[in-house]
Amino acid sequence: MEAGFFENKDLQTDSLTGLYTRDVIVNYANHLIKKGEPFCLCLVDIDNFKNVNDNYGHTIGDHVISFMAAKLKEGFGDRGVVGRFGGDEFMVVIPEIKDYDAVWSLLREVHKTIDGIKPPDSENLFLTCTFGLSRFPLDAQDYDSLFELTDKALYRGKIKGRNCFIIYLESKHKNIQLHASDDTTISSMQMHNQIFRFLNSAPHLQDGIKDLLLFLGSNLMIDHIAIQTRKGLFFSQIHSLALSQDFKSISTPFFMDNVSPTMGIYSLNDVSHLENIKQNELLEECREQGIKSTIYASISFNNEIFGYIRADSTSVARIWQYKDMDLLITAANAIAMSLHYQNKTIEEL
């Protein structure tokens, strides 16, 4: 890294993160271009950050940005200069490195350090980032062109499913057209991908299930999520904002017995409707636990039922959306497959 650019200068830093501002990091890139010195330009975007602000508020959002800024600065160390480009996006200038394998190794190392990390004061959040990178002078000879290629690489990472890094290659990415993305579709793609990643990457299946339920509870804003079997309640994850913190197994098997055999799910938007179908005992159980709404997804494979993912809402009656059901069904099926092939039951984990 060239010290000369950063010495004897009153360089502005971002008040929230302490990183260099956008102007500083862009000027540094142009400085290297003017001198003809090779470098990499990298954009880093926090995945699904809008969900953080929408579900947790801007105070937590600012905390996440600050936390990720520190992690990126720590990850790149003295190998790259990290700046805040704007919002939840960062720009990194990595001087001297130009060999593809060296760039790949560096991004792989940094990406692994922030893959699924949890801020210390917001442990319900799983944070991931997408990286896009291009190289000067190999890919472009001026800043504007280089930035466009970096943005294409970042866009490709988002379309691919996020939580990855993409190094621009003309043969693969030249014809990418940048346009407004369907955030809902991309978010769904990433969520489905994450479901299998949790189960496949954990050292033990029980760890993967626990992290998966925590991830689903956080992203779907579920007050309580767990696995219910005929023998009890397992892996309970309770959101810190849930009005009730005392959950236990539902003794009346009504919900489990009414899971659709074709869809593998049963949802009840408002538990007060149990009174209309003469399920007063079950209604009382729900009220004791503060449950206003609930949904059950069957964990089954080859006609073998291992249990049910149970999700509860405590604040208000909740209208369960198809996208919620879709993710819970996928998670239940993934858990069932893992249990089947490991010849385990929930109770044995």
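- Checking D312 against T294 by side-chain atom types alone, a donor-acceptor pair falls below 3.5 Å.
- Atom CD of E275 sits in a sparse spot, with 12 or fewer heavy atoms from other residues, nucleotides or ligands closer than 6.0 Å.
- Between the side chain of Q245 and the main chain of H239, a donor-acceptor pair closer than 3.5 Å is present.
- Counted within 6.0 Å of NZ on K152, heavy atoms from surrounding residues, nucleotides or ligands total more than 12; the atom is thus considered enclosed.
- Dense packing is recorded around CD of Q342, with more than 12 heavy atoms of other residues, nucleotides or ligands lying under 6.0 Å away.
- Minimum interatomic distance between G290 and S244 (heavy atoms only, all atoms of both residues): CA-CB, 4.3 Å.
- When the shell of 6.0 Å around CD of Q141 is examined, it contains more than 12 heavy atoms from other residues, nucleotides or ligands.
- Cluster annotation: I346 is connected to L328 through the hydrophobic network of ILVMFWY side chains, with a link wherever side-chain heavy atoms come within less than 4.5 Å.
- Considering all non-hydrogen atoms of both residues, P119 and L127 come closest at CG-CD1, 3.5 Å.
- Note: F90 and F76 fail the aromatic proximity criterion, with ring centroids not under 6.0 Å apart.
- When all heavy atoms of S267 and M325 are compared, the pair lying nearest together is OG-CE, 3.5 Å.
- Counting only N and O atoms by type, the side chains of Q279 and T252 include no donor and acceptor under 3.5 Å apart.
- Residues L339 and T345 fail the side-chain proximity criterion, which asks for heavy atoms closer than 4.5 Å.
- Comment: R197 engages D115 in a salt bridge, judged by a side-chain N to carboxylate O separation of less than 4.0 angstrom.
- Checked by atom type and distance alone, the side chain of Q228 pairs as donor or acceptor with a backbone atom of I250 at under 3.5 Å.
- Taking CD1 of I295 as the start and CD1 of I265 as the end, the distance is 3.5 Å to the nearest 0.5 Å.
- Looking at heavy atoms from C-beta onward, H63 lies out of side-chain contact with V52 at the 4.5 angstrom threshold.
- Shown here for L107 and C42, the closest heavy-atom pair between the two residues is CD2-SG, 4.3 Å.
- Here the closest non-hydrogen pair linking I335 and L199 is N-CD1, 3.7 Å.
- The neighbour count for N343 CG, taken as heavy atoms of other residues, nucleotides or ligands under 6.0 Å away, does not exceed 12.
- By the 4.5 Å heavy-atom criterion applied to side chains, T113 and K71 are not counted as neighbours.
- Side chains of T130 and D47: a donor on one and an acceptor on the other come within 3.5 Å.
- In this structure, a donor-acceptor pair under 3.5 Å is absent between the side chains of T21 and D23.
- With values rounded to the nearest 0.5 angstrom, L214 atom CG is found 11.5 Å from I238 atom CD1.
- Side-chain atoms of T314 and D223 form a donor-acceptor pair, as typed in the model, at a separation below 3.5 Å.
- Distance CG/L11 to OH/Y20: 5.5 Å, rounded to 0.5 Å.
- In this structure a side-chain-to-backbone donor-acceptor pair under 3.5 Å is present from Q289 to K248.
- In terms of heavy-atom proximity, F196 sits nearest to A334 at CE2-CB, 3.7 Å.
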Inset, instruction - I would like to know whether R310 and L233 meet side-chain contact (heavy atoms from CB on, under 4.5 Å); could you show each step before the answer? - result: CA-CA 9 Å; R310 165 185 155 188; L233 197 63; 3.6 Å; yes
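- Between the N302 side chain and the E304 main chain, no donor and acceptor come within less than 3.5 Å of each other.
- At a threshold of 4.5 Å between non-hydrogen side-chain atoms, the residues V44 and V82 do not count as touching.
- At a threshold of 4.5 Å between side-chain heavy atoms, the hydrophobic network of Ile, Leu, Val, Met, Phe, Trp and Tyr places I117 and I65 in one connected group.
- Considering only heavy atoms from C-beta on, T150 stays 4.5 Å or farther from M91 through its side chain.
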Inset, instruction - Step by step, work out the side-chain contact (heavy atoms from CB on, under 4.5 Å) result for L72 and M68. - result: CA-CA 6 Å; L72 286 171; M68 189 60 74; 4.2 Å; yes
Legend entry - F255 vs L282, side-chain contact (heavy atoms from CB on, under 4.5 Å): CA-CA, chis, key distance, verdict: CA-CA 9 Å; F255 296 134; L282 177 57; 3.7 Å; yes
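- Of the possible donor and acceptor atoms, none in the side chain of S105 sits under 3.5 Å from a partner among the backbone N and O of A102.
- Within the model, atoms CG of L349 and CD1 of I227 stand 8.0 Å from one another, a figure rounded to the nearest 0.5 Å.
- Distance CD/E281 to SG/C286: 11.0 Å, rounded to 0.5 Å.
- Using a 4.5 Å heavy-atom cutoff, the side chains of Q206 and F235 are in contact.
- Under a 3.5 Å cut-off, the side chain of S66 and the backbone N or O of D62 do not form any donor-acceptor pair.
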Legend entry - CA sep, side-chain torsions, deciding dist, call: R230, D257, salt bridge (Lys or Arg N to Asp or Glu O under 4.0 Å): CA-CA 11 Å; R230 303 285 177 178; D257 289 346; 3.1 Å; yes
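- Ring-plane geometry between Y28 and F5 is classed as tilted, the angle between the planes lying from 30 to 60 degrees on a 0 to 90 degree scale.
- Side-chain contact check for I114 versus F131: some heavy-atom pair is nearer than 4.5 Å.
- If you take CG on L216 and CD1 on I225, they are separated by 5.0 Å, rounding to the nearest 0.5 Å.
- Judged by distance alone, the side chain of R135 and the main-chain N or O of K98 form a donor-acceptor pair under 3.5 Å.
- Transitive grouping of hydrophobic side chains (ILVMFWY, heavy atoms separated by less than 4.5 Å) keeps F165 and L149 in distinct clusters.
- S272 pairs in a side-chain hydrogen bond (donor to acceptor under 3.5 Å, both in side chains) with only one of the listed residues (N276, D270, N269), which is D270.
- Both M263 and I299 are assigned to one and the same hydrophobic cluster, defined by single-linkage of ILVMFWY side chains at heavy-atom distances under 4.5 Å.
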Legend entry - F136/F39 under ring-ring contact (aromatic ring centres under 6.0 Å, His included): CA gap, chis, key distance, verdict: CA-CA 5 Å; F136 171 84; F39 70 95; 5.4 Å; yes
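- L133 pairs in a side chain to side chain contact (heavy atoms under 4.5 Å, CB included) with only one of the listed residues (L41, L43, I166, I94), which is I94.
- In this structure, the ring of F301 has its center no less than 6.0 angstrom from the ring center of F306.
- No side-chain donor-acceptor contact under 3.5 Å links H340 to the backbone of A336.
- Considering only heavy atoms from C-beta on, V24 stays 4.5 Å or farther from N27 through its side chain.
- Within the 3.5 Å criterion, the main-chain N or O of F147 finds no donor-acceptor partner in the side chain of D151.
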Inset, instruction - List the steps and the verdict of side-chain contact (heavy atoms from CB on, under 4.5 Å) for H224 and I291. - result: CA-CA 9 Å; H224 170 245; I291 298 170; 6.0 Å; no
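- If you chain together hydrophobic residues whose side chains sit under 4.5 Å apart, L138 and Y100 never meet in one group.
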